[in-house]
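Predicted model only: the values in this text are computed from it and were never measured. Quick note on labels: first sequence line is chain A, next is B, and so on, each numbered from 1.
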Amino acid sequence: MLRSVDGLFFKLEKFLNLIAALVILGVMLVGVSQVVGRKLADFLGDVFDKNVPDALSWIGPVPGYVDIIEMVMTIFAFIAIAYCQRLGGHVRMEIILGRLKGRVLYGLEIFGTLVALAVVLILMYFAYQHFGRAWEIGDSTIDIELPIWPSKLLVPFAFLILAIRLSLNLAGFIRLFLNPDGDEIAVPHIESVDEQAQHEIDAGLAGEEEKIDLLNRDKGGNS
Amino acid sequence: MSEFAIGVIVTVGLLVMVFMGVRVYAAAAMAGLVGMVWLIGWDAGAGIVGTIPHSKSVNYVLSVLPMFILIGFIAYHAGLTHALFDAAKAWFGWVPGGLAVASVFATAGFAAVSGASTATAAVFSRVAIPHMLDHGYSPKLAAGVVAAGGTLASLIPPSAILVIYAIIVEESVGTLILAGFVPGVISAVIYAMLIIGQCAIKPELGRAIPFPPLGEALRTLPGTTPIFAVVAIIFSAMYAGWATPTEAGALGAFVVLVIALWRGMRWNALQNALMETAKLSVMIFALIWGVLIFVRFLGFAGLPEAFAEWIVNLPLEPVLIMVGILLGYAVLGMFMDAIGMLLLTLPVVYPAVIALGYDPIWFGIIVVKMCEVCLITPPVGLNCYVVSAVRPDIPLGDVFRGIFPFFLMDAVTVGLFLAYPEIVLWLPNLVNS
């Protein structure tokens, strides 16, 4: 049951991360057109001595560039936050946790998850209030007057997804606390040094033909 | 209870949570929230805290981070590693220990663009070590060079970690990116001098290889242009101000992406690179707003000022205090990821360092250099570990023995920057004046 909910929810998290990823690609493309457009416009201005013909007058920096970037930033700053949590990507200190096993470990994990869940729920409520104020006043950006509320609404939305993910983690850790020998389901996994090394090697050799497998993943080992 | 006492209690609470393994973003946000509510009440305190994630994340300056990260993840697919090593081999191979010198420059050059020290060490273990061993180089030297070369990642532009430093201490992102360049190059040159010295005294460690015919040497250069293009775009944009960091980063990422696609990068690989970029970006954003919630509370409690005053009034030379702070970072860095360590410590340490009269830009460079040194020191020394994992014929102990001289040289480099801050500050001052 927990396994299938976890798997299903992970699909949603992956999808949100993909959106964030595509927005990053978009920010790159908009940034390139901004620079190129600005430089071309300067160049045309010099060539035509400020009388750029109408046919070329559309060339220039992206209108409201900074506004657009700040508007879409909320997407890659927030909506993948649960995906990162699922994969255990958020920084923490594992000097003590890494040496513990069984109930003590899972007890601490439950504590850590509860702290995160509590703060995320409170932040969700107050971030929603923050959105509410922008919605009522009809706040907009300075340059091209985009409404600000959608970007503010994304924050409590991302926190809601994260809160659901943290609840799943919590359920997973409680399950393990009750039965420390069970499979790890719906919880981020503490990486051994081998696994960390494997990640770095995978990243480093991403462009190479021949891979290296420290963990015997092909032979059904720990993955 | 005084504001100061509340500040101390909450800070201790934060440290306890961090040591117990609470994710840093959550621990910092929780500590900041509790502190604010304690100081100014539920509605005002939590109300302020609730606005911080959005207001601090939505800042154009921060949009440079995913651009720099994206450059890194795509760079592995652009076929740059072999091209760089071939070029470095042709142009630097003729000095004593030439292949090792070439490896340092190739690794440093690639690390600069990829921004990832450990992954760079992994790929150059594959690219450079076999060549060195074929030419009879000492395996310890070969492994040490590759593990150490990766640590130059975060000084030479583009560097995400320098951007994060700039944001936390509210300094100019462009100035810090620029300031990293000279110290990064000096670190690489000092490594190279170490190798040349060692191999001149003991030629059996690694011999020179002959300079190839000029035409052949020249033909190695075009393959390396993307690396130089990225560094040059970002460096010149910061130097001459023709683009913002985000725009320069976008242009750099675009150049690398075009090369990677031309080299046959498929949608699958691109999607992976983008997904990894998004994941790392959101992690950094979460840390930033989490820590800034805590920083807002610290400001209310007056803790940084109190700590700075205490530091300044210590009956010690500022330089000794600075050495103490750097040693503290060296120890902490053994247990914690560099970004988390910087974000967590800077809000308190930075005002004290400034009160001691040190330059904010200079301190950024020193502290980031320290973070990198931690990647090659035991107990974990992930760079060394990865080199040994890719080359099981070189035991971990040999990698650590091979890297030890480089570690000493890093200590010399940090000492040099400490004694002559103008080495670090010359370039940024040139631009700002």
Which region of B:Thr81, side chain (C-beta onward) or backbone (N, CA, C, O), has a non-hydrogen atom less than 4.5 Å from a non-hydrogen atom of chain A, or is it both or neither? side chain

What residue, out of A:Gln129, A:Glu94, A:Arg38, has the most heavy-atom pairs lying under 4.5 Å from chain B? A:Arg38

Where on B:Ile71 is there a heavy atom nearer than 4.5 Å to chain A: the side chain, the backbone, both, or neither? neither

Identify which part of B:Val127 has an atom lying under 4.5 Å from any heavy atom of chain A, answering side chain, backbone, both or neither. side chain

Among residues 98-111 of chain A, residues within the sub-4.5 Å heavy-atom range of chain B, in order of number, are A:Leu108, A:Phe111

Let me know if B:Leu251 has heavy atoms under 4.5 Å from chain A in its side chain, its backbone, both or neither. both

Name the region of A:Leu154, side chain, backbone, both or neither, that has any atom closer than 4.5 Å to a heavy atom of chain B. neither

Whether A:Arg86 and A:Asp6 form a salt bridge (side-chain N of Lys/Arg under 4.0 Å from carboxylate O of Asp/Glu) is what I want to check. yes

Pick one of side chain, backbone, both or neither for A:Ile68, based on which atoms fall under 4.5 Å of a heavy atom in chain B. neither

Checking heavy-atom separations under 4.5 Å from chain B, one finds in residues 30-37 of chain A A:Gly31, A:Val32, A:Gln34, A:Val35

Bottom line for B:Tyr385: the part with an atom under 4.5 Å from chain A's heavy atoms is side chain

Is the distance between the ring centroids of A:Tyr65 and B:Tyr60 less than 6.0 Å? yes

Who wins among A:Val155, A:Leu25, A:Asp194 for the most heavy-atom pairs under 4.5 Å with chain B? A:Asp194

Structural part of B:Trp242 lying under 4.5 Å from a heavy atom of chain A: both

Is chain B contacted by the side chain of A:Asp67, its backbone, both, or neither, given a heavy-atom distance below 4.5 Å? neither

